[in-house]
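We're numbering straight along the sequence, starting at 1. No hydrogens, no waters, no symmetry mates; every other heavy atom, side chains included, goes into these values.
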Amino acid sequence: MDFTPVRNGMDYLSSAVLYLSGRASVLFDAFGLTPPPTTKVSELLAPDRPLSDRDLKYAVLHLQAAAEVLLKARLVREHWSLVFKNPGNATRAAFEQGKFDSCTMDAALDRLVSIAGVPITSDQREAIKDLAETRNALTHYGHTANAYAVEARAARVLSFLLDFVPLHLHPVLSSEAQLVEETMEAVREKLRDIEALVKNRMQELTGILSGREDRTVICPQCRQWALVIGGGDLVTCHFCLAFLEPVDAVILYWMDVLGQDESLGAVDCPDCGSEHMIMWVTTAADKTEEVGLCFRCGAVYRKTERGEAQA
């Protein structure tokens, strides 16, 4: 078998796109070990067929694998020792036999930026991290996933790979050039479909979100401006239909949106008295202004010119 890192990455990427299209599991559903007795292939091929749990799971697994393989393929191009967990202990024999501990994704991203000079933004790193967390949850903990959230997260990584592959891998490819171009065209097509889905769904939510802009923030799970704070016992994302306890919403926003891994920065809310207010929140009302927002009652506090909080 001739599976170079780039060819292997393209294979994973092709599979992820097929699962996101709902086509990869058609044969399994129709002719698998326990197919539903009334299943018809024509029904499975219907364009409006919703993605199954299997589609979502393997789309995430294979897209995350594609990102990791392709990022590390760029490291190998810089120098083969860079994919080792400890490059100082790297040997050529261990590399060629594949008998070594590979570096983590965080280390790979750090090395691509600092050694290979590949520009990777904080948003792109965040997208890769989010997908990896989704992959871990699905693989190791049996969590379920909402199709809207998975597709939105997948779109961010697909968009990153659309730039990364041609700019940082494709220029030196030879025999693999045709495979890469064909795969990336399929990725472009699927990304357009997902972006259209996201756009249409957000348009459908216009009426629901209207008038709530000052209490609407980025959802930590799907990264859409659709998480509405206050107005009920649960915090609700109207895009991916995530329902969160206020304390869970605070923790997820603090860690995943603000990127804080230190002690939780919530303070007491002057309105309801609960410790659910974060002072560095941006809302859909003004995505450039930081306000204080209580994730339990929805109270909003803005800073005055003297730096004091003001309702």
Point to revise | Main-chain N/O of Pro5 paired with Lys72 side-chain donor or acceptor, under 3.5 Å | key: no
Check your understanding: Checking Asp11 side chain against Arg7 main chain: does a donor-acceptor pair fall under 3.5 Å?
Key -> no
Exercise for review: State whether Asp271 and Arg296 are salt-bridged, where the test is any N-O pair (Lys NZ or Arg NE/NH1/NH2 against Asp/Glu carboxylate O) under 4.0 Å.
Suggested key: no
Check your understanding: So which of Arg153, Arg156, Arg135 actually passes side chain to side chain donor-acceptor pair (under 3.5 Å) with Asp130?
Key -> Arg156
Review point. Taking the side chain from Ser14 and the backbone from Met10, do they hold a donor-acceptor pair closer than 3.5 Å?
Key: yes
Practice item. Begin from the C-alpha positions of Leu293 and Val217 and carry the test side-chain contact (heavy atoms from CB on, under 4.5 Å) through to its verdict. Key: CA-CA 10 Å; Leu293 178 64; Val217 302; 3.7 Å; yes
Practice item. Look only at the side chain of Arg125 and the backbone of Ile120, and say whether a donor-acceptor pair between them is shorter than 3.5 Å. Key: no
Point to revise | Verdict with reasoning, Leu227 to Ile218, per side-chain contact (heavy atoms from CB on, under 4.5 Å) | key: CA-CA 6 Å; Leu227 187 71; Ile218 288 180; over 6 Å; no
Exercise for review: May I ask you to decide whether Arg74 forms a salt bridge with Glu78, counting only side-chain N to carboxylate O separations under 4.0 Å?
Suggested key: yes
Check your understanding: For the residue pair Trp254 and Trp280, does the interplanar ring angle fall in the parallel (under 30°), tilted (30 to 60°) or perpendicular (over 60°) class?
Key -> tilted
Check your understanding: Charged N to carboxylate O below 4.0 Å: is that the case for Arg188 and Glu181?
Key -> yes
Point to revise | N/O donor-acceptor pair under 3.5 Å between Glu213 side chain and Gly211 backbone | key: yes
**Study point:** Which atom of His62 lies closest to which atom of Ser15, heavy atoms considered
**Key:** ND1-OG, 2.5 Å
Check your understanding: Going through the checks in order, is the side-chain contact (heavy atoms from CB on, under 4.5 Å) test met by Ser274 and Cys297?
Key -> CA-CA 9 Å; Ser274 68; Cys297 71; over 6 Å; no
Point to revise | Within 6.0 Å of CZ in Phe84, more than 12 heavy atoms from elsewhere | key: yes
Practice item. Kindly assign one of parallel, tilted or perpendicular to the pair Phe164 and His168, based on the angle between their ring planes and the thresholds 30° and 60°. Key: tilted
Check your understanding: Is a side-chain donor or acceptor of Arg215 paired with a backbone partner of Ile229 at a separation under 3.5 angstrom?
Key -> yes
Check your understanding: Taking Arg212 for the side chain and Val228 for the main chain, is one N or O donor matched with an acceptor at less than 3.5 Å?
Key -> no
Point to revise | Check: Arg223 side chain, Ala152 main-chain N or O, donor-acceptor pair, under 3.5 Å | key: no
Exercise for review: Step by step, work out the side-chain contact (heavy atoms from CB on, under 4.5 Å) result for Val150 and Lys57.
Suggested key: CA-CA 9 Å; Val150 169; Lys57 179 175 71 174; over 6 Å; no
Review point. From Glu290 CD over to Ile278 CD1, what is the distance, rounded to the nearest 0.5 angstrom?
Key: 11.5 Å
